[in-house]
Asker: 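Can you keep this structure in mind? I'll have questions shortly.
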Amino acid sequence: APGKDIPRYYVTLLSSIRNAEKNVWLSTAYFVPTDQEEEDLIDAARRGVDVRLLLPSDSDSKMALAIGRSHYGYLLEAGVKIFEIQNEVLHSKSASIDGVWTSIGSSNFDPRSVVYNDEVDALVLGSATAQDFQKMFESDMSKARQIDTQTWRHRPLNERFLELFELTSFLWQNLL
């Protein structure tokens, strides 16, 4: 709940990412990582962990989509694999780490879920649940388009301007 001294889910997720040895697979409807979340994902990828993000290609929040995409370059350069689900609504908020740690719930990968929102998340320790999650994740990835560094760098100029506009609008609204 908001106002708690220690956002337990957030701390647990970061700790799990920091200690991951094999994989970190995340699915979220709103990807607006905190600085610490982004840093931990990048660090995990750089140490050889298979980090995959399943994200929406479209959203009811164009601002959240643009802000999330503003992080893609750094993540891709570090080796994070990014997949955008096509032609369907992605509303899941789930994670699997090292085939033994699984979470599913209402927390997005964004500061609002950490600081402001009441959220409910279930954490399951065990390989059976993680294996089931990974099968579903792989099925969802098959419907998604992988974003690679080359494609990302050479995306159409109108997409870049839209992302910049949305990001600038968000920053302007939140600084006033």
Side-chain angles (χ1 to χ4, degrees), residues 9 12-14 16-33 37-38 40-110 113 119-156 158-160 162-163 166:
Y9 176 75
T12 303
L13 178 62
L14 291 180
S16 297
I17 293 169
R18 287 177 189 151
N19 290 293
E21 296 177 356
K22 294 186 284 185
N23 62 28
V24 173
W25 291 4
L26 302 170
S27 174
T28 187
Y30 303 105
F31 180 73
V32 181
E37 287 169 327
E38 181 178 33
D40 289 349
L41 290 172
I42 287 171
D43 288 347
R46 285 186 177 151
R47 67 176 187 271
V49 174
D50 176 16
V51 179
R52 299 182 190 189
L53 304 176
L54 183 62
L55 307 172
S57 64
D58 195 15
S59 175
D60 61 339
S61 174
K62 300 295 182 198
M63 229 177 273
L65 195 61
I67 292 167
R69 286 178 171 164
S70 74
H71 295 272
Y72 282 17
Y74 302 114
L75 294 163
L76 290 166
E77 287 175 17
V80 173
K81 296 173 190 82
I82 300 173
F83 299 84
E84 286 188 347
I85 197 91
Q86 305 293 304
N87 304 317
E88 58 184 79
V89 174
L90 175 69
H91 200 67
S92 65
K93 294 113 175 151
S94 53
S96 181
I97 299 174
D98 284 349
V100 294
W101 187 99
T102 307
S103 74
I104 188 163
S106 63
S107 290
N108 283 293
F109 211 73
D110 69 351
S113 289
E119 304 287 4
V120 176
D121 297 281
L123 300 178
V124 180
L125 299 177
S127 60
T129 301
Q131 286 173 0
D132 288 344
F133 170 87
Q134 288 182 342
K135 286 177 189 170
M136 287 185 287
F137 192 93
E138 288 171 338
S139 174
D140 288 342
M141 276 190 331
S142 72
K143 300 177 238 171
R145 176 177 62 106
Q146 185 169 1
I147 309 297
D148 61 63
T149 307
Q150 279 301 96
T151 305
W152 186 248
R153 284 186 188 145
H154 296 30
R155 69 193 183 284
N158 64 331
E159 285 182 27
R160 293 174 186 224
L162 180 60
E163 292 160 13
E166 292 291 347

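Side-chain atoms are counted along with the backbone in the values below, which use heavy atoms only and exclude waters and symmetry mates. All figures in this text were calculated on a predicted structure; none of them were measured in a lab.
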Asker: Under the side-chain contact (heavy atoms from CB on, under 4.5 Å) rule, what do Val24 and Trp101 come out as? Steps first, then yes or no, please.
Answerer: CA-CA 10 Å; Val24 173; Trp101 187 99; over 6 Å; no
Asker: Among all residues two or more places apart in sequence or in another chain, which pass the salt bridge (Lys or Arg N to Asp or Glu O under 4.0 Å) test with Arg46?
Answerer: none
Asker: Just verifying a value: how many Å separate Ile85 CD1 and Leu54 CG, rounded to the nearest 0.5 Å?
Answerer: 5.0 Å
Asker: Drop me the distance from His71's NE2 to Leu55's CG, to the nearest 0.5 angstrom.
Answerer: 11.5 Å
Asker: Looking at CG of Leu76 and CG of Leu53, how far apart are the two atoms once the value is rounded to the nearest 0.5 Å?
Answerer: 9.0 Å
Asker: Who passes side-chain hydrogen bond (donor to acceptor under 3.5 Å, both in side chains) against Asp50, sequence neighbours left out?
Answerer: Trp25, Arg52, Lys81
Asker: Would you indicate whether the side-chain heavy atoms of Leu26 and Thr28 approach each other to under 4.5 Å?
Answerer: no
Asker: Could you tell me the separation between the CZ atom of Phe133 and the OG atom of Ser94, rounded to the nearest 0.5 Å?
Answerer: 3.5 Å
Asker: Determine whether a donor-acceptor pair (N or O, by modelled atom type, separation under 3.5 Å) exists between the side chain of Gln86 and the backbone of Glu84.
Answerer: yes
Asker: Could you list the donor-acceptor pairs under 3.5 angstrom formed between side-chain atoms of residues 142-151 and any protein atom two or more places apart in sequence or on another chain?
Answerer:
| unit_1 | atom_1 | unit_2 | atom_2 | d |
| --- | --- | --- | --- | --- |
| Ser142 | OG | Ser139 | O | 2.5 |
| Asp148 | OD1 | Gln150 | N | 3.1 |
| Asp148 | OD1 | Thr151 | N | 2.7 |
| Asp148 | OD1 | Thr151 | OG1 | 2.8 |
| Asp148 | OD2 | Thr151 | OG1 | 3.0 |

Asker: Is the shortest side-chain heavy-atom distance between Asp140 and Phe83 below 4.5 Å?
Answerer: no
Asker: Sequence neighbours left out, what passes salt bridge (Lys or Arg N to Asp or Glu O under 4.0 Å) with Arg47? Give chain and number order.
Answerer: none
Asker: My understanding is that only residues two or more places apart in sequence, or in another chain, count here; which of them pass salt bridge (Lys or Arg N to Asp or Glu O under 4.0 Å) with Asp40?
Answerer: Arg18
Asker: I need the minimum non-hydrogen distance between Gly73 and Trp152, along with the two atoms involved.
Answerer: N-NE1, 3.8 Å
Asker: Closest heavy-atom contact between Ala45 and Ala78?
Answerer: CB-O, 3.4 Å
Asker: Considering all heavy atoms of both residues, which atom of Gln134 and which atom of Ser96 are nearest to each other, and what is their separation?
Answerer: NE2-OG, 3.6 Å
Asker: Just verifying a value: how many Å separate Ile42 CD1 and Tyr74 OH, rounded to the nearest 0.5 Å?
Answerer: 9.0 Å
Asker: Distance-only, no hydrogens or angles: does the Asp98 side chain make a donor-acceptor pair with backbone N or O of Asn23 under 3.5 Å?
Answerer: yes
Asker: Determine the minimum heavy-atom distance between Ala20 and Ile97, stating which atoms define it.
Answerer: CB-CG2, 3.7 Å
Asker: Look at the rings of Tyr72 and Phe31 and say which category their plane angle falls in: under 30° parallel, 30 to 60° tilted, over 60° perpendicular.
Answerer: tilted
Asker: For atom CD of Glu138, decide whether the heavy atoms of other residues, nucleotides or ligands shown that lie under 6.0 angstrom number more than 12.
Answerer: yes
Asker: Can you sort out the partners of Ser103 under side-chain hydrogen bond (donor to acceptor under 3.5 Å, both in side chains), two or more places apart, ordered by chain and number?
Answerer: Tyr9
